[in-house]
2 protein chains.
Amino acid sequence: MRGDGSVLTKGAQARARIISVAETLFNKQGFDGASMRDIAAAAEMQPASVYYHFESKEELLWAVWEKGGLELLDRVNDAIAGKTDPWQRIETACIAHTTGLLDWRRANQALFVMPPWHYPESIKTRVISLRDEYEKIFIGLIDDLPLRKGIDRRYLRLTIIGALSWSLFWFKKERDTPASIAKQILSILRGGIDAAV
Amino acid sequence: MRGDGSVLTKGAQARARIISVAETLFNKQGFDGASMRDIAAAAEMQPASVYYHFESKEELLWAVWEKGGLELLDRVNDAIAGKTDPWQRIETACIAHTTGLLDWRRANQALFVMPPWHYPESIKTRVISLRDEYEKIFIGLIDDLPLRKGIDRRYLRLTIIGALSWSLFWFKKERDTPASIAKQILSILRGGIDAAV
DNA sequence: GTAATAATCTAACGAACGTTCGACAAATTA
DNA sequence: TAATTTGTCGAACGTTCGTTAGATTATTAC
């Protein structure tokens, strides 16, 4: 705690503000579409000042990515913290995942979810390791599920995460809610779809 | 047919060559990352010559998109043409879809699948209408399936396409094949996963 | 109060970008 | 063969980009 009552230094505040506006602009206009000048203007400073806090545009991208990833990680972990029933745990996690993507921090949608195909190796590895850590949650949750014989747990995980995350591309807030999407998808998966089975 | 035995005019050949190299470069480096100079060099011509065939970079993008979309459309339609059993039809279509994305025209992966969030309205509407036409195939196939009571066919379609398409982000050709991915995912969905159901 | 450090500023550099212009060559048509 | 269209070219225009250098102001430490 500082003398004026604030908890962050001026520098840390500026850093957070830059990450926040960059988050918004990267998502709205894409990484290439959002210039450092745009970001600086939105953060109400000069372009050069941004470089006092981040040494390059790519490092700023990573900061945005990391913030979004850790937030989603926390969100899902918090959601399942109290539950014990395996099916309830996975449903809660799915709802948190979908809500986090669709509602909560819209800015991180494309960034956290999309693979950084066109970005430099240094960032790619960091993003992938963050994603891996995130997927570990689901690996654990799915391990605890009592499944039909013959179900490949890896395919199941990829199916769940894929189906949920794909909602990024068709979600319309007038029609669906993140929670209902997660519930419906999980229910389809859980019970199967074939009338004859 | 022309005098020299070729079936295309010189212009049409050049156009096709440009689309082909642009397809590759857009996918490898992204739309912004691939410059008109890169594309022209790969097509073995001067940048200015590209503008004789396409009036802008965005129109070239659309041409790439359209080619990939129509090819995938044809691929899926051809695959289901002979089949009559509803489950066999959807499985065949899923395999064709996944194979088309993962194997066949790698260049169109991100382009056809990803929403053109950051692209101008004129292109966005054309891409969306192409995607809609493609999804109509799956709407028809799913309408014909004998499903358990209470299954929402729209959610089911989005789940199937989402789970399959998400494989773009984790597919490793050393480990999976497009056909096995499609089969496994469909089998999970068909029978359900809960041991108790 | 004074020195040191942290943060922001103005100004600009060099490179890359999409695109255009006008001349020139190749192919087609009459 | 002459006229016309089709396709390609070299050269450049104007703009925007990420980034940097150096001066200047605010904040902190002694």
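Just so we're on the same page: letters track the sequence lines, and every chain starts at 1.
Closest to the A:Arg37 side chain, of the nucleotides C:dT8, D:dT8, D:dC17, is D:dC17. Residue B:Met36 has its side chain nearest to C:dG18 when only C:dG18, D:dT8, D:dT20 are considered.
Against DNA chain C, the stretch residues 38-50 of chain B makes heavy-atom approaches under 4.0 Å through B:Ala48.
Under a cutoff of 6.0 Å and an axis angle of 45°, B:Lys57 and B:Phe31 form a cation-pi pair. Judged by the 6.0 Å distance and 45° axis criteria, B:Arg126 is not positioned over the aromatic ring of B:Trp65.
Nucleotide C:dT5 holds its P atom 18 Å from the NE2 atom of A:His53, rounded to whole Å. Between the CG atom of B:Asp32 and the P atom of D:dC17 there is a distance of 11 Å, rounded to whole Å. Rounded to an integer number of Å, the gap from A:Tyr51 OH to D:dC17 P is 11 Å. Between A:Lys57 atom NZ and D:dC17 atom C1' the separation is 8 Å, expressed in whole Å.
Here the closest non-hydrogen pair linking B:Leu72 and B:Gly100 is CD1-CA, 3.7 Å.
Regarding contacts with the backbone of D:dT8, every side-chain N or O of B:Tyr52 stays at 4.0 angstrom or more from both OP1 and OP2.
Partners of A:Phe138 by ring-ring contact (aromatic ring centres under 6.0 Å, His included), not counting sequence neighbours, listed by chain and number: A:His97, A:Tyr134. Residues meeting the salt bridge (charged side-chain N to carboxylate O under 4.0 Å, His left out) test with B:Arg89, sequence neighbours left out: none.
Of the N and O atoms on the side chains of B:Ser129 and B:Asp132, not one donor lies less than 3.5 Å from an acceptor on the other residue.
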